[in-house]
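Reading through the structure tokens given below for one structure.
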Amino acid sequence: SRMIILQGKQRDIAGIGADFESWKDEEKDCFSQQRCAEEANKVYADAKDRFNKENTAYIQAYNDFLDAQAGFLAEKLQRGEPCPVCGSTIHPHPHQAEKSALTKEELNILSESVRELQEGQAAAAKKAGEAKAMLDAKEKNCIQIWEKLRQKVIAYSRDEMGELDSEEIQGLIETWKKALKDEEKQLQKDKKQLQQLKKWLTKAAKDKEELTAQKNKADKSTFDLSA
């Protein structure tokens with residue numbers, strides 16, 4: 001019947017609408033995860049920058065410490081050989097190694113700081129990778145939901161459609177819902193009219209029976225009088 005067909009269409013549109021809402025929710029999750037991934041990348045970049053700066057400072061401090069400890073420049077000076085700094089072949093007062101700006105204990109503290117920053121960089125890299133993997137999974141799921149939705153729209157419309165954007169699909173859903181609502185109203189109206197017609201037909205049949213009975217009675221009375 002027309003009502004059964006209408007109910008089937010309503011179920012189809014309800015399914016399309018549910019898929020559309022599911023896609024919108026997934027798209028929101030994608031945008032949210034994208035922000036998380038961007039933030040995780042920023043955290044990693046900052047951690048990497050801090051580590052590189054601190055590590056460079058540590059390497060310089062470590063080399064300075066070793067140079068000062070070994071009297072590196074003074075030891076390289078040879079009698080009769082030119083000084084790498086001034087070029088003189090006479091070295092009456094070779095430079096004496098000065099105490100390093102950093103003590104061994106201070107260097108160890110700096111080394112520990114570098115180690116912690118390196119661990120922080122590794123942790124940030126791991127989080128950034130996990131955020132990217134989650135974003136990829138959400139984007140894949142979003143694409144799958146969209147394709148499923150698009151195929152349902154094409155199947156319902158029975159027309160081959162090109163690329164549809166979200167606004168166009170939402171417009172189609174609203175148009176179809178309104179059309180089905182109007183169709184349902186018309187069916188209800190037709191049903192009411194049919195019921196009214198059945199009432200009139202029932203009443204007409206009853207009236208006919210009564211009239212027939214009255215006629216038969218009148219005919220019988222006429223026959224009796226003529227007899």
Side-chain angles (χ1 to χ4, degrees), residues 1-40 127 129-227:
S1 70
R2 290 169 61 193
M3 182 57 73
I4 292 175
I5 294 173
L6 174 63
Q7 288 171 345
K9 290 180 180 179
Q10 288 173 330
R11 283 192 297 271
D12 289 342
I13 292 301
I16 291 173
D19 284 346
F20 183 68
E21 291 302 318
S22 178
W23 172 79
K24 286 201 300 184
D25 290 341
E26 193 64 26
E27 187 184 42
K28 286 179 183 177
D29 285 345
C30 280
F31 285 137
S32 177
Q33 187 59 36
Q34 186 176 29
R35 288 192 293 271
C36 289
E38 289 171 354
E39 181 61 28
K127 285 185 178 180
E130 290 171 348
K132 178 63 168 60
M134 186 174 291
L135 175 60
D136 289 344
K138 285 186 177 294
E139 286 180 341
K140 182 179 179 181
N141 190 44
C142 192
I143 291 171
Q144 289 175 342
I145 293 174
W146 177 260
E147 184 57 27
K148 177 184 174 184
L149 171 64
R150 196 178 73 85
Q151 291 300 327
K152 281 189 175 183
V153 168
I154 291 173
Y156 183 84
S157 66
R158 298 182 181 179
D159 291 327
E160 188 61 36
M161 297 183 175
E163 291 299 319
L164 296 169
D165 60 31
S166 59
E167 290 184 1
E168 288 172 330
I169 286 185
Q170 186 172 20
L172 286 172
I173 292 172
E174 290 173 356
T175 298
W176 290 336
K177 281 183 176 180
K178 184 179 183 304
L180 291 178
K181 194 172 183 180
D182 291 342
E183 187 177 346
E184 185 177 15
K185 284 181 180 178
Q186 186 61 47
L187 280 177
Q188 295 295 340
K189 184 179 178 181
D190 292 347
K191 182 180 178 182
K192 191 177 288 186
Q193 289 177 344
L194 182 60
Q195 288 173 342
Q196 189 65 38
L197 181 59
K198 283 181 178 179
K199 268 187 187 180
W200 289 339
L201 290 174
T202 301
K203 185 176 183 302
K206 186 177 179 182
D207 290 345
K208 182 182 178 181
E209 287 178 1
E210 290 177 354
L211 288 172
T212 301
Q214 290 174 4
K215 180 179 179 300
N216 291 338
K217 185 178 179 181
D219 289 346
K220 186 175 182 299
S221 298
T222 303
F223 177 78
D224 290 344
L225 286 173
S226 62

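Because only heavy atoms are used, hydrogens play no part in the values below, and waters and symmetry mates are left out as well, while side chains stay in.
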Y156 vs I173 side-chain heavy atoms within contact, under 4.5 Å
no
CZ (F20) and CG (L149) are apart, to the nearest 0.5 Å, by 7.0 Å
Spell out, as yes or no, whether a donor-acceptor pair under 3.5 Å connects the side chain of E168 to the backbone of D165.
yes
Does the pair E174/K177 count as a salt bridge with the N-to-O cut at 4.0 Å?
no
Gap separating the CD atom of E139 from the CD atom of E27, nearest 0.5 angstrom:
10.5 Å
For D190 and Q186, what are the C-alpha separation, side-chain angles and deciding distance, and is it a side chain to side chain donor-acceptor pair (under 3.5 Å)?
CA-CA 6 Å; D190 292 347; Q186 186 61 47; 2.9 Å; yes
Could you tell me which non-hydrogen atom of L164 sits nearest to which non-hydrogen atom of W146, and how far apart they are?
O-CZ2, 2.8 Å
Please tabulate, one pair per line, all N/O donor-acceptor pairs under 3.5 Å involving side-chain atoms of residues 4-19, not counting sequence neighbours.
| unit_1 | atom_1 | unit_2 | atom_2 | d |
| --- | --- | --- | --- | --- |
| Q10 | NE2 | E184 | OE1 | 3.4 |
| D19 | OD2 | K152 | NZ | 2.9 |

Taking every non-hydrogen atom, the tightest pair across Q34 and L135
N-CD1, 3.8 Å
Does either side chain, that of Q151 or that of E147, offer a donor lying less than 3.5 Å from an acceptor on the other one?
yes
Under 3.5 Å donor-acceptor pairs involving side-chain atoms of residues 191-206, not counting sequence neighbours:
| unit_1 | atom_1 | unit_2 | atom_2 | d |
| --- | --- | --- | --- | --- |
| T202 | OG1 | K198 | O | 2.8 |
| K203 | NZ | D207 | OD2 | 3.1 |

Partners passing side chain to side chain contact (heavy atoms under 4.5 Å, CB included) against K138 (at least two apart in sequence or in another chain):
E26, D29, C30, Q33, M134
Do any N or O atoms from the side chain of T212 and from the backbone of K208 form a donor-acceptor pair under 3.5 angstrom?
yes
Restricting to non-hydrogen atoms, name the atom on A37 and the atom on A131 that form the minimum distance, rounded to 0.1 Å.
CA-CB, 3.8 Å
Salt bridge (Lys or Arg N to Asp or Glu O under 4.0 Å), that's the test. Do K140 and D136 meet it? Break it down for me.
CA-CA 6 Å; K140 182 179 179 181; D136 289 344; over 6 Å; no
For A137, does its backbone N or O pair with a side-chain atom of N141 as donor and acceptor, under 3.5 Å?
no
Which value, rounded to the nearest 0.5 Å, describes the distance between W23 atom CH2 and R150 atom CZ?
13.5 Å
